[in-house]
There are 4 protein chains.
Amino acid sequence: MKSTSMKQRIIDSAAFLFNTKGYDGTTVREIAKRTNCNVANISYYFGNKEGLLEYLVSSYLEGYLAIIERAYIELDSRSSRECLLLAIRGIMNYQKENRHLTRFVLREITLDTTLIREIMTTYLTKEKYYFQAIFETGIKQQEFSHIPIPYAIMQLKGMLSMPYLHPQYMSEVLHIMPYEMYVTEQYSREIEKWVNYTICVHTQKAIDTFTPIPVNI
Amino acid sequence: MKSTSMKQRIIDSAAFLFNTKGYDGTTVREIAKRTNCNVANISYYFGNKEGLLEYLVSSYLEGYLAIIERAYIELDSRSSRECLLLAIRGIMNYQKENRHLTRFVLREITLDTTLIREIMTTYLTKEKYYFQAIFETGIKQQEFSHIPIPYAIMQLKGMLSMPYLHPQYMSEVLHIMPYEMYVTEQYSREIEKWVNYTICVHTQKAIDTFTPIPVNI
Amino acid sequence: MKSTSMKQRIIDSAAFLFNTKGYDGTTVREIAKRTNCNVANISYYFGNKEGLLEYLVSSYLEGYLAIIERAYIELDSRSSRECLLLAIRGIMNYQKENRHLTRFVLREITLDTTLIREIMTTYLTKEKYYFQAIFETGIKQQEFSHIPIPYAIMQLKGMLSMPYLHPQYMSEVLHIMPYEMYVTEQYSREIEKWVNYTICVHTQKAIDTFTPIPVNI
Amino acid sequence: MKSTSMKQRIIDSAAFLFNTKGYDGTTVREIAKRTNCNVANISYYFGNKEGLLEYLVSSYLEGYLAIIERAYIELDSRSSRECLLLAIRGIMNYQKENRHLTRFVLREITLDTTLIREIMTTYLTKEKYYFQAIFETGIKQQEFSHIPIPYAIMQLKGMLSMPYLHPQYMSEVLHIMPYEMYVTEQYSREIEKWVNYTICVHTQKAIDTFTPIPVNI
DNA sequence: AATGAATGAGGATTCATTCAT
DNA sequence: GATGAATGAATCCTCATTCAT
């Protein structure tokens, strides 16, 4: 009895290899070899190599989007700042749990292909909608200062993706192991400082009332 | 008379194509076609495809490092904050002027190859040294708060690289054209806010005396 | 139904083409075309072109060596002269039956490559051992005169290989068809004369008692 | 001042490389590099690569043929046996003095190309004519036994070419250095034994009167 | 006489994919 | 479901050759 299905085993191999060597740099034969199965199975389960790519990217982004959506929904019952922090914590967690896919998707998304453009439309437009809503609400409720929202999103996304786009830089230059618990923890806190000190309005009162939020939501 | 040398023309084509389709996704034939020359010239000038890659990445990172080095040297005559801002402005400029290469190098650097690992050692270790020196000086001189330096570097690098790692996201989702003058300008200012409000110490005096720095040094 | 396996068909084509045009002068495309199959199959079955070469040469020399070994073993039960004649007959036969490979291997062996040097060590050292043993035994038993063995081996190998190293010379200059039965027969007899008159001791008795040996052993 | 002309330097490089790696296995760039000159010079002096081949082979065979012709001419004033021995000694000498070319030409001549076929007609037909004349005269004058001439030529050519077709075999298996003076000497003597004992008639008188011939003619 | 840049054809190899089993 | 054999297209690279200088 094989513990995991062949489909899942292919997914895992592909995630690892795409991550390490890139999509174009990985051959289906390598994936098959790592999966310890025949090449033809990849076509069998995913149609072709591109289908495998699409599957990986889509399922990853679906989960990713769900995180942000959840934070967005909380806007009804929590402050914008809390929602933003929820999103940040959630994303950091999700990325840590899917580190191979995270790096791979973040890299692949920088390419200019039809597939990527479609994904932009499907997922990232929604992501932007949620982030924008959170920021707009914060500004309206005078919790956030009058930041230009797109630039804030850029900064946020830049900071969030950094550890996964440069894992080797982190380990070999900064000597930080990006997958260790306390690293994620601390890096999250640093980003939160950016939220508190750069995004939020700087009344002393605001700073005094910064409340911690639970890690898992 | 050809206005530019064939070597330079190959470089330009390669930068554009590597940028758009990735290194592995680009064929030497495409490069030759775009350069309007014979495939063999690529081997002639760069040995092989990988030689071309190395040339592009190395020359890009050399220029990149020079920017940061210049800011580092200014530590003798300027405040840490000013030096950090100089570095940020310089990098933003350099990236804007080499936008194809910037995106490409930033993406390629995420792969796990021998070449990349060598580059880490050669260039990015130095980059880290300069950044660290600037931050350490700032902390010692009580200009910066007691930030954990590696995490600050991560945030900074994340923010700086973001527009070039997601140009399509910017244009098609955020509707920001990343290469327009005012965009770079404004994004730089937003990152500066992070420096001023999150990195620097929060005495009211410090905030009052934030001085603008000239764009070009 | 294909009568012979693709692997065998590739071997046959390669033997013919390597023979006619040399290893370096033959392209894998030609081999594939002659085999009426796709180029990729050559890599599929033999790894690469060099793997095909190695396969051909090794399997040929294995069979070749077996012939001589058999003659060597007969030293226990026959005279040295008989063993030598057995070897000569056996080699002539083997060469005739593998004429393409024979010519090709004999030519390729004159090159100075790593592969060839390895083959020397593996096969030809053994060949020399067998020949030497036969000659030494003959000399000790006073059947052969005191010939310098290496030179005898040289002469013998020179004569044995000649028809296959110059097939065109034979057909177009000497007008001898080297693959016809009686040609091999007669050439073998001529070489035997060299054994009888130049190698063996010249007592009249010896000459009188020269006994023919059966062609097949 | 360069001591040798570029043309000659190209010839020397080509002879060495063709010898070691074969004609098809050698590139004009390698020849140029070894000659320390530009690739274009090869085309300049010899038209193209094949022209260089033709030049080498032709000039070698011209010299080779001259040797045998000289022996043939001596038929007027000497015995057939002496002439044959003269030819053998002359060829051995010529081959030793042109060892690179010898090996290369002997190997290249085994290929089945137009060029080779033309050379057969031009040179080797003449060679055969001379050998045949010597043997026929010897038989007519009852100096040689009734050998079948083509087979005798084959044996002779086989023995003569052997050391140059297997130089590595000689050095690495037999541990004979084929270019040392005494080796050539002794090998020549061994071939002469074949002439004396296998080719010549076996009257005791004949054997008693075997006269040595001077090495250089 | 000699060169360096440039070319186009062709080299071996590897790729994703398919198909009969 | 799963496989090994087989395919054709495409890969990068190297070849001999030429041309202006």
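Numbers restart at 1 for each chain; the letters A, B, ... are given by sequence-line order, proteins then strands.
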Item checked: d(CD1, I31(D); C1', dA16(F)) in whole Å -> 11 Å
Check: Under a 3.5 Å cut-off on both pairing distances, which runs of 3 or more consecutive Watson-Crick or G-U pairs involve DNA chain E?
Finding: E:2-21 with F:2-21
Margin query: Suppose we screen for side-chain hydrogen bond (donor to acceptor under 3.5 Å, both in side chains). Which residues come up paired with T102(D), at least two apart in sequence or across chains?
Written below: Y60(D)
Next item on the list: Name all residues meeting the ring pair (Phe, Tyr, Trp, His ring centres under 6.0 Å) criterion together with Y44(C); count only those two or more places apart in sequence or in a different chain, and write none if there are none.
Entry: none
Item checked: T113(A): side-chain hydrogen bond (donor to acceptor under 3.5 Å, both in side chains) partners, not counting sequence neighbours -> none
Next item on the list: Not counting sequence neighbours, list each pair that qualifies as a salt bridge (charged side-chain N to carboxylate O under 4.0 Å, His left out) and has a residue in residues 13-22 of chain D.
Entry: K21(D)-E30(D)
Checklist line | Listed once per pair and sorted, the salt bridge (charged side-chain N to carboxylate O under 4.0 Å, His left out) pairs that draw on residues 107-117 of chain C, sequence neighbours left out | finding: D112(C)-R117(C)
Next item on the list: Please work out which residues in residues 35-43 of chain D have a non-hydrogen atom less than 4.0 Å from an atom of DNA chain F and list them by number.
Entry: V39(D), A40(D), S43(D)
Check: According to a strict under-4.0 Å criterion, is Y45(D) in side-chain N/O contact with OP1 or OP2 of dA1(E)?
Finding: no
Checklist line | V28(C), nearest nucleotide to its side chain (from dA16(E), dT13(E), dT7(E)) | finding: dT13(E)
Next item on the list: Can you measure from OH (Y45(D)) to CE (M6(D)) and round to the nearest 0.5 angstrom?
Entry: 6.0 Å
Notebook entry, point to check: Which residues satisfy the side-chain hydrogen bond (donor to acceptor under 3.5 Å, both in side chains) test with Y23(C), sequence neighbours excluded?
Noted result: none
Checklist line | Close approaches to DNA chain E from residues 46-60 of chain A, in residue order (heavy atom, under 4.0 Å) | finding: N48(A), K49(A)
Run the side-chain donor-acceptor check on residues 13-20 of chain C: report pairs under 3.5 Å with partners two or more places apart or on a different chain.
| from | atom 1 | to | atom 2 | distance (Å) |
| --- | --- | --- | --- | --- |
| S13(C) | OG | R9(C) | O | 3.0 |
| S13(C) | OG | T35(C) | OG1 | 2.8 |
| N19(C) | OD1 | R103(C) | NE | 2.6 |
| N19(C) | OD1 | R103(C) | NH2 | 3.3 |
| T20(C) | OG1 | F16(C) | O | 2.8 |

Notebook entry, point to check: Quick one: side-chain hydrogen bond (donor to acceptor under 3.5 Å, both in side chains) pairs with a partner in residues 47-57 of chain B, sequence neighbours left out?
Noted result: none
Checklist line | Partners meeting side-chain hydrogen bond (donor to acceptor under 3.5 Å, both in side chains) with D12(B) (sequence neighbours left out) | finding: Q8(B)
Note to self: If the cut-off is 4.0 Å, is Y44(C) near the phosphate of dA5(F), judged by side-chain N/O to OP1 or OP2?
What the structure shows: yes
